[in-house]
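I have placed the structure first, in the form of structure tokens, so that the comments after it can refer back to it.
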Amino acid sequence: MIASPDRTPLPRTFFERPVLEVAPDLLGRLLVRTTPDGPIVVRVTEVEAYDGPNDPGSHAFRGRTARNAVMFGPPGHVYVYFTYGMWHCMNLVCGPEGEASAVLLRAGEIVEGAELARKRRLSARNDKELAKGPARLATALGVDRALDGTDACTAEDTPLRVLTGTPVPSDQVNNGPRTGVSGAGAVHPWRFWISNDPTVSPYRAHVARRRSS
DNA sequence: GGACTGATCATCT
DNA sequence: GATGATCAGTCCG
């Protein structure tokens with residue numbers, strides 16, 4: 001990996017701020033996944049904010065459980081969950097410890113290690129689709145529950161870290177309703193993405209599953 | 001391009 | 001026992 005100023009780790013104070021401040025500020029930052037085969041580096045292009053136990057759309061809404069325990073821990077750590085029986089999604093914990101706010105990383109542009117990402121994302125028809133969606137992003141990086149609780153905010157060579165990258169000016173940041181969120185949580189325009197970026201995932205409204213028999 | 005549907009299981013009620 | 005911070009394949013236009 002090339003050393004340069006934008007490759008310095010984000011300080012933990014970055015994540016200690018309110019989640020609605022952190023979320024748009026994460027756009028343009030770099031996610032580094034260290035694997036035995038080499039690093040994969042992703043530029044974050046789309047995120048969603050989840051505002052602790054007061055947010056009906058958040059996994060923390062019904063309090064602390066074994067699954068979401070990391071959300072209630074210190075900021076700058078990674079919360080990984082398994083959903084729909086086959087996918088993983090990853091978040092970065094924000095706000096003061098115990099607040100249980102987090103930012104869902106929804107999409108990104110692979111800027112380094114694309115060959116490694118392609119091997120994990122065989123269904124992708126082009127490189128823009130490698131990390132276009134939260135489960136695709138986790139798949140491309142080889143992230144699963146084994147990484148739940150990882151400190152992404154350290155200079156040490158942990159398997160997953162966030163680097164400074166290049167923040168995106170606010171006039172290039174768009175926001176709108178969160179994808180796939182149902183009920184009262186759907187009203188908040190807490191999805192943020194880089195305007196006109198081809199790696200941003202399409203919006204999908206929540207669809208209730210039909211009852212089986 | 002958009003609409004629709006099945007896959008598949010950890011987690012919570 | 002029901003559901004989900006999703007994806008990929010198929011059908012249609």
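Proteins come first, then strands; the chains are lettered A, B, ... in the order of their sequence lines, and each starts at number 1.
Summarising the geometry, the separation between CG on Leu105(A) and P on dT6(C) is reported as 13 Å, rounded to the nearest angstrom. Summarising the geometry, the separation between OH on Tyr50(A) and P on dA5(C) is reported as 7 Å, rounded to the nearest angstrom. Note: NE2 (His59(A)) to P (dT6(C)) measures 9 Å, nearest angstrom. Summarising the geometry, the separation between CZ on Arg67(A) and P on dC9(B) is reported as 16 Å, rounded to the nearest angstrom. Rounding to whole angstrom units, OH of residue Tyr203(A) and P of dT6(C) are separated by 11 Å.
Pairing analysis of DNA chain C (Watson-Crick: purine N1 to pyrimidine N3 plus N6-O4 or O6-N4; G-U wobble: N1-O2 and O6-N3; both under 3.5 Å) yields stems of 3 or more pairs at B:1-7 with C:6-12, B:9-12 with C:1-4.
Here Tyr81(A) does not pack flat against the base of dA5(C), since the 5.5 angstrom centre distance and 30 degree tilt limits are not both met.
A salt bridge between Asp25(A) and Arg17(A) is present, with a side-chain N of the basic residue lying under 4.0 Å from a carboxylate O of the acidic one. Under the 4.0 Å criterion applied to side-chain N and carboxylate O atoms, Asp127(A) and Arg121(A) are not assigned as salt-bridge partners.
Of the candidates dT11(B), dC12(B), dA5(C), the closest approach to any side-chain atom of Arg145(A) belongs to dT11(B). Considering only the side chain of Arg62(A), dT13(B) comes nearest among dA5(C), dT13(B), dT6(C). Considering only side-chain atoms of Met86(A), the nucleotide from dG4(C), dA7(B), dT6(C) that sits closest is dA7(B). Listed nucleotides: dA5(C), dA10(B), dT11(B). Nearest to the side chain of Phe82(A): dA10(B).
Phosphate contact (OP1/OP2 of dA10(B), side-chain N/O of Thr83(A), threshold under 4.0 Å): absent.
Aromatic pair Tyr81(A)/His59(A): centroids less than 6.0 angstrom apart.
Screening Asn91(A), Leu27(A), Val22(A), Asn175(A) against Val47(A) for a side chain to side chain contact (heavy atoms under 4.5 Å, CB included) leaves a single residue, Leu27(A).
With a 6.0 Å radius and a threshold of 12 heavy atoms from other residues, nucleotides or ligands, Asn196(A) has its CG atom at or below the threshold.
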Problem set entry | Reading 5' to 3' through nucleotides 7-13 of chain C, protein heavy-atom contacts under 4.0 Å coded B for base, S for sugar-phosphate only, - for none | SS-----
